[in-house]
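Chain A is the first sequence line, chain B the second, and so forth, proteins listed ahead of strands; every chain is numbered from 1. These figures come from a predicted structure and were not determined experimentally.
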Amino acid sequence: MDWVKLLLNWYLENKRDLPWRRQKDAYAIWISEIMLQQTRVDTVLAYYTRFLERFPTVRDLAQADIDEVLKYWEGLGYYTRAKNMHKAAGEIVRHHQGVFPQTYREVLALPGIGPYTAGAVMSIAYNQPYPAVDGNVLRVMSRLYLLKKDISQPAVKKEVENLVKQAFPAEQACDFTQALIELGALVCLPTAPKCFGCPIRQDCKAFQENLQNALPSKQKKPARKSVIRYIALIQQGDRILMNKRPADGLLGGLWEFPGVEGKNKKEFCEKFKIKYGVDIFPDSHWMDTKHEFTHLIWEMKIYRCRLDPAETIKETRLQWIPLQELNTIAIPTAFQKIKNTLLNTNSSRGRFLT
DNA sequence: AATCCGGGGCT
DNA sequence: AGCCCAGGATT
């Protein structure tokens, strides 16, 4: 395969200087691969350095409280990644003496590690020829070999894994894996690929037939649904009532301003009572905000609410949080605008009083 | 095989 | 307004 050597030479000349490429510590490589799942390099950079400074070794991560790990993950999204990573760190300490496993079978067995990440760690950290097929590689290979089938089909991913396996250059698994990904990230772009700057365009069947813009083929995703979510802002003095979401599911384990889905204020109060066991009395309509997830849109209506003075909070997930501590708990992006507005109004009122 | 799970940047 | 990103787990 002529293109392999051309690609390797291109990579060695053009690769970006990224933090996870400055060492070969399997733990550090692993952290980078988890963070980079469905997440762009530019987004990961700041998180990565901060995370490794706080959790420099697998033992540091294993010993940390999951709530602190989630705080370091705050805003990155797909929070089960952080929870699985923390769990995997514990398994590495217990079952592997704190040393990151070195066989594909053992790496793949860790929670949060699938075929891609296992291949990435094996090839990048250990220079072993295990394919790591991500979105970049699927795109590059579907064009290079003119694979016209929908790349969301598992059979196509299998085929690409086999093609990559056969292409692995001896003793250069680390560079080859990253070269394929780097080409997809810098040259073989999803739209408007830079074919005339591509080192392997002579071998690219899609380029030869001018089909690079038609590949890869992929099924469309259905439109997102929008729901109305009523949020209760319940403040007593300098404390605010917050809810810790259940460990599993959407935004699992993160803190939120308590709320429910509903059509109107009446439903708001009824559902809130059922969900939290607390009667609320909406006072003033405070603000509206919208948050778009991948499959869902929240139209949020935020109301200042009062509690019955005799009300005591029994719901274990509901907790009074001092405003000064609001920045120390993990709050997802969906609620950051509310949080910031709340902190700003309170601090400006504080300045008035002093 | 289909669905869920974040967030952000680009077109 | 879509599309896509260094995907994995669950059903």
[X]: ring pair (Phe, Tyr, Trp, His ring centres under 6.0 Å) partners, not counting sequence neighbours:
X	answer
A:His291	A:Phe293
A:Trp20	A:Tyr48
A:Tyr303	A:Tyr230, A:His285
A:Tyr276	A:Phe272

Problem set entry | Non-neighbouring partners of A:Arg59 that pass side chain to side chain donor-acceptor pair (under 3.5 Å), sequence neighbours left out | none
Problem set entry | Whole-Å P distance, B:dG6 and C:dT11 |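 Those two atoms are separated by 16 Å.
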Exercise. What interatomic distance, in whole Å, is found between P of C:dA6 and the corresponding atom of B:dT11?
Worked result: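 About 14 Å, rounded to a whole number of Å.
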Seminar exercise, completed: Each nucleotide of nucleotides 4-11 of chain C classed B (base within 4.0 Å of a protein heavy atom), S (only sugar-phosphate) or -, in 5' to 3' order, makes BBBBSS--
Exercise. Which residue lies toward the 5' end of DNA chain B, A:Pro154 or A:His295, if each is placed at its nearest nucleotide?
Worked result: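 Its nucleotide being nearer the 5' end, the pick is A:Pro154.
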Problem set entry | Pairs touching residues 131-149 of chain A that satisfy side-chain hydrogen bond (donor to acceptor under 3.5 Å, both in side chains), sequence neighbours left out | A:Trp3-A:Tyr145, A:Asp134-A:Asn136, A:Asn136-A:Arg139
Which atom pairs, one a donor and one an acceptor, fall under 3.5 Å between side chains of residues 94-105 of chain A and the rest of the protein, sequence neighbours left out?
unit_1: A:Thr103; atom_1: OG1; unit_2: A:Glu106; atom_2: N; d: 3.2
unit_1: A:Thr103; atom_1: OG1; unit_2: A:Glu106; atom_2: OE1; d: 2.9

For this session: State, without any angle test, whether A:Gln208 and A:Arg201 hold a side-chain donor-acceptor pair at a distance under 3.5 Å.
Result: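 There is no such pair (donor and acceptor under 3.5 Å, judged by atom type) between the side chains of A:Gln208 and A:Arg201.
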Exercise. What are the residues of residues 244-254 of chain A, sorted by number, that bring a heavy atom to within less than 4.0 Å of DNA chain C?
Worked result: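 DNA chain C contact set from residues 244-254 of chain A: none.
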Problem set entry | With sequence neighbours excluded, residues passing side-chain contact (heavy atoms from CB on, under 4.5 Å) with A:Leu8 |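 Checked A:Leu8 against side-chain contact (heavy atoms from CB on, under 4.5 Å); matches are A:Val4, A:Pro169, A:Gln172, A:Asp175, A:Phe176.
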Problem set entry | Heavy-atom contact window of chain A on DNA chain B, given 5' to 3' at under 4.0 Å | B:dA1 to B:dG8
Exercise. Please, which pairs that meet salt bridge (Lys or Arg N to Asp or Glu O under 4.0 Å) have at least one residue in residues 223-250 of chain A, sequence neighbours excluded?
Worked result: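 Matches after skipping sequence neighbours: A:Asp67-A:Lys244, A:Arg224-A:Glu292, A:Arg229-A:Glu256, A:Arg245-A:Glu256.
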